[in-house]
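This report refers to the structure that appears directly beneath it.
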Amino acid sequence: MTKKKSTTVNLKTPYNFDVQWEQLMENEDFVKTFLSDVLENYIVKQRWYGGKSSKLKYIELAEYFRIQQNEEVYYGLILEVNFYEAFYQHYFLPIAFVSDESFAKDDRILPISIQNQEGYIIDAINLEAFRKVVFERILTAVPKDRTRVQYKKSILFKDCQYESSRFMGMEQSNTSIIYNEKYVLKFFRRIYADRNPDYEMSRFLSEKKDFKNTPAYLGSVQIKDQENTNITIALMNELVPNQGDAWDYMLKELFKVFTNLETKNIDIKSLPVANRFERMTIRDIPPQIIDWVGLNVFTKIQTLAQRTAEMHIALGSEFEDTSFTPARFNGDYTVWLKNRLLYQFQNRLNAVENNLHKLEGLALELANEFLEKKNEIRKRFVNFDWTKLKGERLRVHGDYHLGQVLVQDDDFYILDFEGEPESTIRDRKVKQPPLKDVAGLFRSFHYAIYATIFNNLNSYNHSQDQLFEAGEILYRYLKNVFLGTYVVEIQNANINIGYNQERIFLLKYAMLEKAVYELGYELNSRPRWAVIPLKGISNIINH
């Protein structure tokens, strides 16, 4: 492909291509016209486009392939988006040609004429006929598909036919379609030259380990690129009936908890404070805390801890598939970890220095502490002595937070195993201590507490600082009750997460890593919330 800046296309004069739709992608003039400013302008406006903070240079066509059933043909494109900052990203875009003037007005990419029939190239996911083809190709997949575009299905996906399809809603990085109100097909938009971890983890947990608290794996679409590498395009799972995610659920529950401070006339200063990382059952919680918070939040935390432990038990009980067998800590892992974290830490240091002017009050105070103690924090990351760690590393969720958990009545379902968005696909598959997931969830508890305070300040009579103080007390109990259930479940299943001091070290380490990671996002997107990761960092470095 040409590496020149793309040309501008006149939208009012459709280009006419005297070839059939089935041969269109072989037409160099069409490809050149398509990879123009028009496509660039379309892509940068899409929610799933992840390059908004960089400057797009040009788009190349890395791969194209047919998605078809009998005579019905669509094209799947893998676009290489190149940036002026000297890096690139790959995106999946399926395309269709429609001639109906009233169709998909917001998702037209290019007006063209094919053999004198005027119409538009659109994102094919908008077309029900395309969605039906993908569904039926997965449903009729053969066991050993050797073709370039491979459709795979689980033995669970049978005895059904296409009835309906609709968009799931407000997703960011992918596009999900609900079929028959029973199944979800997630089209991955950002594409990597490897099997997507979401596909690998979903299939492993569902098919091999029969883990019940994740949506069952039903099928997938993969293609082989020019290097013969498998690339995951789409993943199909069951649709779990639910009442929303655990983040929204927790915000509602915490709103009641903070309201109780007034309705029950709670004296925050007299509330007993729990020890850090102390394993607790509900019986260990002081009556004053139960009186303030109630039992419901704590029983839900115990259930979530049990499901999290069961996920890690499934992931830690494999002895055949080497990509899932447990591993010990070693020097290679340590080098990888330290290099990654020190690079990220330096990036966040620069971000704090450049954004100090946006901060005020406690956030500014904590940001200055962060800068003053930068050598101490850096030392915490370097002080990772693998020879003293006896636990095991497993494949983990990797981006585990309350938003990745569905609430179904009194139970929880875990989903979205893609891993940390900033990480490379290879880094997402590195085996980690399972406590890294626990640390991610703990940081999510912290966020939920502060989000409740920020979102409802006008609803409470207490000052923000008083609410922060109460929130920090609650935070310890949530963590401790979680650990009380999680550690017992894990140990009973003989999953080795280390002795008590090792567990506390790994939790602090992973929580510090997560809070530093969060800091970059908050400083760039909503500086007012930077106080949350800054407080998380302060909690760890001062104790």
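The analysis underlying the following values was restricted to heavy atoms, covering all of them including side chains, and did not include hydrogens, waters or symmetry mates.
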More than 12 heavy atoms of other residues, nucleotides or ligands under 6.0 Å from [atom1] of [X]: is that the case?
X: K55; atom1: NZ; result: no
X: Y343; atom1: OH; result: no
X: Q161; atom1: CD; result: no
X: Y42; atom1: OH; result: yes
X: K209; atom1: NZ; result: yes
X: K212; atom1: NZ; result: no
X: N339; atom1: CG; result: yes

Do [X] and [Y] come close enough that some side-chain heavy atom pair is under 4.5 Å?
X: F83; Y: K57; answer: no
X: N496; Y: E502; answer: no
X: P94; Y: L77; answer: no
X: L93; Y: I109; answer: yes

Mind checking whether [X] and [Y] have ring centres under 6.0 Å apart?
X: F442; Y: H446; result: no
X: Y486; Y: H312; result: yes
X: Y509; Y: F384; result: yes
X: F454; Y: W529; result: yes

Residues forming a side chain to side chain contact (heavy atoms under 4.5 Å, CB included) with [X], sequence neighbours excluded:
X: S423; answer: R340, E420, D427, R428
X: L342; answer: R378, F381, V382
X: T214; answer: L205, F211, F417
X: A439; answer: L507, A510, M511

I'd like to know if the side chain of [X] pairs up with that of [Y] as donor and acceptor (distance under 3.5 Å, no hydrogens or angles considered).
X: Y58; Y: E40; answer: no
X: Y49; Y: Q89; answer: no
X: Y447; Y: R443; answer: no
X: E418; Y: N174; answer: yes

Closer than 4.0 angstrom, basic N to acidic O: yes or no for [X] and [Y]?
X: D123; Y: R189; value: yes
X: E63; Y: R148; value: yes
X: K514; Y: D437; value: no
X: K431; Y: E392; value: no
X: E136; Y: K153; value: no

Requested in this report: Check step by step if side chain to side chain contact (heavy atoms under 4.5 Å, CB included) holds for L512 and R380.
Outcome: CA-CA 9 Å; L512 182 60; R380 290 274 189 131; 3.8 Å; yes
Query raised in the report: Of all heavy-atom pairs between L523 and P527, which one has the smallest distance, and what is that distance?
Result: O-CG, 3.8 Å
Query - Step-by-step side-chain hydrogen bond (donor to acceptor under 3.5 Å, both in side chains) determination, Y91 to Q46 - result: CA-CA 11 Å; Y91 289 93; Q46 302 310 304; over 6 Å; no
Report task. Starting from the C-alpha separation in whole Å, work towards a yes-or-no answer on side-chain hydrogen bond (donor to acceptor under 3.5 Å, both in side chains) for Y88 and E60. Result -> CA-CA 10 Å; Y88 60 85; E60 287 188 282; over 6 Å; no
Query raised in the report: Does any pair with a residue in residues 418-437 pass ring pair (Phe, Tyr, Trp, His ring centres under 6.0 Å), and if so which ones, sequence neighbours excluded?
Result: none
Report task. Could you give me the CA-CA distance, side-chain angles and deciding distance for R307 and E310, then say whether salt bridge (Lys or Arg N to Asp or Glu O under 4.0 Å) is met? Result -> CA-CA 5 Å; R307 297 299 174 238; E310 288 164 356; 2.9 Å; yes
Requested in this report: Output yes when a side-chain donor or acceptor of K152 lies under 3.5 Å from a complementary backbone atom of G219, and no otherwise.
Outcome: no
Query raised in the report: salt bridge (Lys or Arg N to Asp or Glu O under 4.0 Å) between R166 and E181: does it pass, once the steps are laid out?
Result: CA-CA 9 Å; R166 64 178 174 86; E181 301 301 320; 2.7 Å; yes
Which residues pass the ring-ring contact (aromatic ring centres under 6.0 Å, His included) test with [X], not counting sequence neighbours?
X: F135; result: F157, Y162, Y179
X: W386; result: none
X: Y517; result: none
X: W247; result: none

Query - Stepwise salt bridge (Lys or Arg N to Asp or Glu O under 4.0 Å) check, E422 with R348 - result: CA-CA 13 Å; E422 269 189 37; R348 292 335 188 234; 3.1 Å; yes
Query raised in the report: Hey, which of V405, L406, T308, L402 is the one that makes side chain to side chain contact (heavy atoms under 4.5 Å, CB included) with F412?
Result: V405
Query - Qualifying residue for side chain to side chain contact (heavy atoms under 4.5 Å, CB included) with R108, from I122, N126, I121 - result: I122
Query raised in the report: Would K182 and E238 count as a salt bridge (Lys or Arg N to Asp or Glu O under 4.0 Å) if you check the C-alpha gap in whole Å, the side-chain angles of each, and the deciding distance to 0.1 Å?
Result: CA-CA 6 Å; K182 288 182 183 176; E238 71 170 333; over 6 Å; no
Report summary line: Sorted by chain and residue number, the side-chain hydrogen bond (donor to acceptor under 3.5 Å, both in side chains) partners of K224 (sequence neighbours excluded) come out as none
Query raised in the report: Would you call the rings of Y74 and F130 parallel, tilted or perpendicular, where under 30° means parallel and over 60° means perpendicular?
Result: perpendicular
Requested in this report: Over 60° means perpendicular and under 30° means parallel, so classify the ring planes of F482 and F445, tilted if in between.
Outcome: perpendicular
Requested in this report: Could I get the full list of salt bridge (charged side-chain N to carboxylate O under 4.0 Å, His left out) partners for D194, not counting sequence neighbours?
Outcome: K429
Result block: side-chain N/O donor-acceptor pairs under 3.5 angstrom for residues 230-237, not counting sequence neighbours:
residue : atom : partner : partner atom : Å
T232    : OG1  : N196    : N            : 2.8
N237    : ND2  : S202    : OG           : 2.8
N237    : ND2  : P215    : O            : 3.2
N237    : ND2  : A216    : O            : 3.3

Query - Cation-aromatic face contact R395/F204, 6.0 Å, 45 degrees - result: no
